[in-house]
Amino acid sequence: MLNKAAAELLEGFADALEIRGANTFRVRAFRNAARRVDSLTTDVAELVESGEISKVRGIGKGIAGVLGEFVEKGRVDEYEEMRAEIPDSVFEMLLIPGLGPKTAATLYNKHGIDSVDALEAAARAGELAGIRTIGAKRQARLLRELGRFRERIARRRLGDVLPIAERLIAHVEGAPGVQTVQYAGSLRRGRETIGDLDILAAAESPGPVMEHFIAAEDVEEVVGTGGTKTAVLVNGGFQVDLLVVAPDEFGAALAYFTGSKEHNIEIRARALQRGLSLNERGFLDAETGQRRPAATEEDVYAAVDLPWIDPALRENRGEIEAAEAGALPRLIELGDIKGELHGHSLWSDGAASIGQMVDVARRRGLAYFAVTDHSGSLLVANGLSPERLAEQTEEIAREREASPDVRLLHGSEVEILADGSLDFSDEILASLDVVVASVHSNFNQPPEQMTERLVAAIENPHVDIIGHPTGRMLGLRDGYTFDVEAVLNAAAATGTALEINAAPERLDLDDTTARRAAELGVPISINSDAHHPDSLAYMRYGVLTARRAWLRAEDVINTLSLNELLAWLARPKPRRWMPTAKSD
């Protein structure tokens, strides 16, 4: 956590310097140092205390001093002074994609535009078109990005909210008289973005629970508090509501506040058919007038003659009919995942050695881990040439001997070039254990061309998995446009797996597309796309997406045992994917 905070400080330092018109070389030095600190696998405090920080490549004496002051005091005086001179609203403009510190400095220093609101007003009035560094085309692009920015700050990503929720849950569990605590809403349903966070606690006396809640470290501001509800802001303005209910009403409240709205409407309709009125406190019998509380969600569903339905399915997309027919799937669980098939190392743009990545895979109980560093044409990610890939083979062999309990697979995330060909020759691809093919460039191709490009990669006999198939980045970039059904059918016909990329900024495929893929018989691979040892923890976000897609363990290739996976990888395409129960 300190490394992340230190990297953010250095990046902020660079932003402030650039807005103030500082020397370009000093700005660049701080940005390079921020990336270096963010990728460190050793605690920056240890490096500062030992004096080793100055030996880290890209960190000179001056920046080492800044880091030393930050470790000692938790702040840096020069940075605080710069921030005091520049309005916070100017820094908020930097959150808009495509608007960097240099442009923000021009807008602020020369044109008096000092906030997102002022920027949007100027863009809508056409005033940015006359600024030399912007122009009409960029003005239109900034307006589009402003819309995305507004949407992004209104909803937070699943991977940003879940850790906050878990910390708050742990805190509330320590409150006097609390019997049980759970988060609800779209987070509990595993949606990719969250509007706000609802937490429910069961206790006889709400007051002490709410007093304990507002003392949580994450709480920045109390918005309001009442008899049973308290609203606070955390993490830069994200709202969290705590509702304290009686223990015998907890199940009804949890079902109600979990939603979705559409699912709840159907459940209430079933209750009415049975002479019951359902709300967040429980049931009311229309004939007798008696109230029937529901302490558990199982009580709620049993009252309407249904088995409990997993929150991930509660979107009114057929789950009620499946429950009534006894046909709810046994959804995939995190514990079903046997290995990672898309991981990076220091050889390309990863932050750790192969050995360090394998060590974390071992601690997470994985049976196999695939090193799939980028191929050569992705220069920005330090992609591997054929010669470097051959050198990497030697390190893979050494690490296999050192870590026999985790099978290390040698692969590549090979670039799908603009014409659908791949970045490595067939001979090289055939020598690899696993091939993940992905698109990282030329996103603006016409839909027909992008479809042909993806299908060509899918039909390549050496491609095992298509990585992050739509290319989207949540809140930052829409995916490229292509004929989804044609691509899914090609994957089904060849037995090529499509990935649910679990990185919080991607979650690509999304749940609806992944469900359609599985319906067509397309194998799915859930991967963390780990660039850092900590990134392997992202797997749970991919599993949540898979659960929303109604996926079972048998729909996902990396729930296979090692021997089953190796057999699947060895089978020539087309690989007919016929899901069966997995062995351990």
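The shown structure was predicted, so the numbers you read here are calculated from the model rather than taken from an experiment. Numbering starts at 1 and runs along the sequence shown.
Between the side chain of Arg362 and the backbone N or O of Asp405 there is no donor-acceptor pair closer than 3.5 Å. Without hydrogens or angle criteria, Arg547 side chain to Ile332 main chain gives a donor-acceptor distance under 3.5 Å. Here the side chain of Asp529 pairs no donor or acceptor atom with the backbone of His342 at under 3.5 angstrom. Side chain of Asp198 to backbone of Gly185: no donor-acceptor contact under 3.5 angstrom is found. Judged by distance alone, with hydrogens and angles left aside, the side-chain atoms of Ser50 form a donor-acceptor pair with the main-chain N or O of Glu46 at under 3.5 Å. Asn501 contributes no side-chain N or O that, together with a main-chain N or O of Asp508, makes up a donor-acceptor pair within less than 3.5 Å. In this structure, the side chain of Arg472 engages the main chain of Leu507 through a donor-acceptor pair within 3.5 Å. Side chain of Asp423 to backbone of Val414: no donor-acceptor contact under 3.5 angstrom is found. Between the side chain of Asp555 and the main chain of Arg552, a donor-acceptor pair closer than 3.5 Å is present. No donor-acceptor pair closer than 3.5 Å links the side chain of Lys573 to the backbone N or O of Gly495.
A parallel orientation is assigned to the rings of His344 and His374, their planes being inclined by less than 30° (bins at 30° and 60°).
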Residues Thr481, Met450; criterion side-chain contact (heavy atoms from CB on, under 4.5 Å); working and verdict: CA-CA 7 Å; Thr481 307; Met450 184 60 80; over 6 Å; no

Residue pair Val240, Asn235: steps toward the side-chain contact (heavy atoms from CB on, under 4.5 Å) verdict: CA-CA 10 Å; Val240 181; Asn235 196 240; over 6 Å; no

side-chain contact (heavy atoms from CB on, under 4.5 Å) evaluation trace for Leu197 with Val234: CA-CA 10 Å; Leu197 174 59; Val234 303; over 6 Å; no

Worked verdict on Asp15 versus Arg31 for salt bridge (Lys or Arg N to Asp or Glu O under 4.0 Å): CA-CA 9 Å; Asp15 291 341; Arg31 295 208 191 284; 2.9 Å; yes

Chi angles and distances behind the side-chain contact (heavy atoms from CB on, under 4.5 Å) call for Ile500, Leu551: CA-CA 11 Å; Ile500 294 177; Leu551 298 192; 4.0 Å; yes

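A 4.5 Å side-chain heavy-atom check between Ile194 and Phe238 finds at least one atom pair inside the cut-off. Residues Arg388 and Asn382 meet the side-chain proximity criterion, which asks for heavy atoms closer than 4.5 Å. Side-chain contact between Ile416 and Leu422: present, with at least one pair of heavy atoms (C-beta onward) separated by less than 4.5 Å. Between Asp310 and Glu319, every side-chain heavy-atom pair lies at or beyond the 4.5 Å cut-off. Residues Gln392 and Val371 are in side-chain contact: their nearest non-hydrogen atoms beyond the backbone lie under 4.5 Å apart. Counting heavy atoms from C-beta outward, Tyr368 and Leu341 have side chains that approach closer than 4.5 Å. Using a 4.5 Å cut-off on side-chain heavy atoms (C-beta onward), Gln182 and Leu200 make no contact. Residues Glu217 and His171 form no side-chain contact, since every pair of their non-hydrogen atoms from C-beta on lies 4.5 Å or further apart.
Not a single salt bridge (Lys or Arg N to Asp or Glu O under 4.0 Å) links Glu391 to another residue, sequence neighbours left out. Considering only residues two or more places apart in sequence or on other chains, Phe257 meets the ring pair (Phe, Tyr, Trp, His ring centres under 6.0 Å) condition with none of them. The side chain to side chain contact (heavy atoms under 4.5 Å, CB included) test applied to Ile169 returns Glu173, Val181, Tyr183, Ile199, not counting sequence neighbours. Evaluation of the salt bridge (Lys or Arg N to Asp or Glu O under 4.0 Å) rule for Asp483 yields no partner, not counting sequence neighbours.
Asp336 and Thr559 share no side-chain donor-acceptor pair at under 3.5 Å. Between the side chains of Ser425 and Glu427, no donor-acceptor pair of N or O atoms lies under 3.5 Å. Defined by atom type and a distance below 3.5 Å, a donor-acceptor pair is missing between the side-chain atoms of Arg189 and Ser260. Between Glu399 and His410, the side chains place no donor N or O within less than 3.5 Å of an acceptor N or O (distance only, hydrogens not considered). Side-chain polar atoms of Ser561 and Asn563 form no donor-acceptor pair below 3.5 angstrom.
Contact check on Arg575 versus Asp464 returns a salt bridge, with a Lys/Arg side-chain nitrogen under 4.0 Å from an Asp/Glu carboxylate oxygen. In this structure, Arg506 does not pair ionically with Glu499, as no charged nitrogen and carboxylate oxygen lie closer than 4.0 Å. Looking at Arg548 and Glu192, no side-chain N of the basic residue comes within less than 4.0 Å of a carboxylate O on the acidic one, giving no salt bridge. Between Glu315 and Arg191, no side-chain nitrogen of the basic residue sits less than 4.0 Å from a carboxylate oxygen of the acidic one, so the salt-bridge criterion is not met. Between Arg515 and Asp511 there is no salt bridge, since no side-chain N of the basic residue sits under 4.0 Å from a carboxylate O of the acidic one. Taking the charged nitrogens against the carboxylate oxygens, Arg400 and Asp433 do have a contact shorter than 4.0 Å, which makes a salt bridge. With respect to the salt-bridge test (charged N to carboxylate O, under 4.0 angstrom), the residues Glu401 and Arg398 do not qualify.
The shortest non-hydrogen separation linking Ile59 to Ala64 is CG2-N, 3.8 Å. Annotation for Gly467 and Ser438: closest pair CA-OG, 3.4 Å, computed over non-hydrogen atoms. Closest of all the heavy-atom pairs between Leu520 and Ala492 is O-CB, 3.4 Å. Heavy atoms only, all atoms of each residue included: Ser186 and Arg155 are closest at OG-NH2, 4.0 Å.
Note that CD of Glu11 and CZ of Arg35 are 7.0 Å apart. Values are rounded to the nearest 0.5 Å. The OG atom of Ser528 lies 9.5 Å from the CG atom of Asn558; values are rounded to the nearest 0.5 Å. The structure places CG of Leu409 at 6.0 Å from CZ of Arg407, a figure rounded to the nearest 0.5 Å. If you take CD1 on Ile465 and CD1 on Ile458, they are separated by 12.5 Å, rounding to the nearest 0.5 Å. Here the straight-line distance linking atom CD1 of Ile526 with atom CD1 of Ile337 works out to 4.5 Å at 0.5 Å rounding. Here the straight-line distance linking atom CZ of Phe424 with atom OG of Ser431 works out to 9.0 Å at 0.5 Å rounding.
The stretch residues 450-459 participates, sequence neighbours left out, in these side-chain hydrogen bond (donor to acceptor under 3.5 Å, both in side chains) pairs: Gln445-Arg453. Within the structure, no pair that satisfies the ring pair (Phe, Tyr, Trp, His ring centres under 6.0 Å) test touches residues 538-558, not counting sequence neighbours.
Within a 6.0 Å radius of CG in Asp419, other residues, nucleotides and ligands contribute more than 12 heavy atoms.
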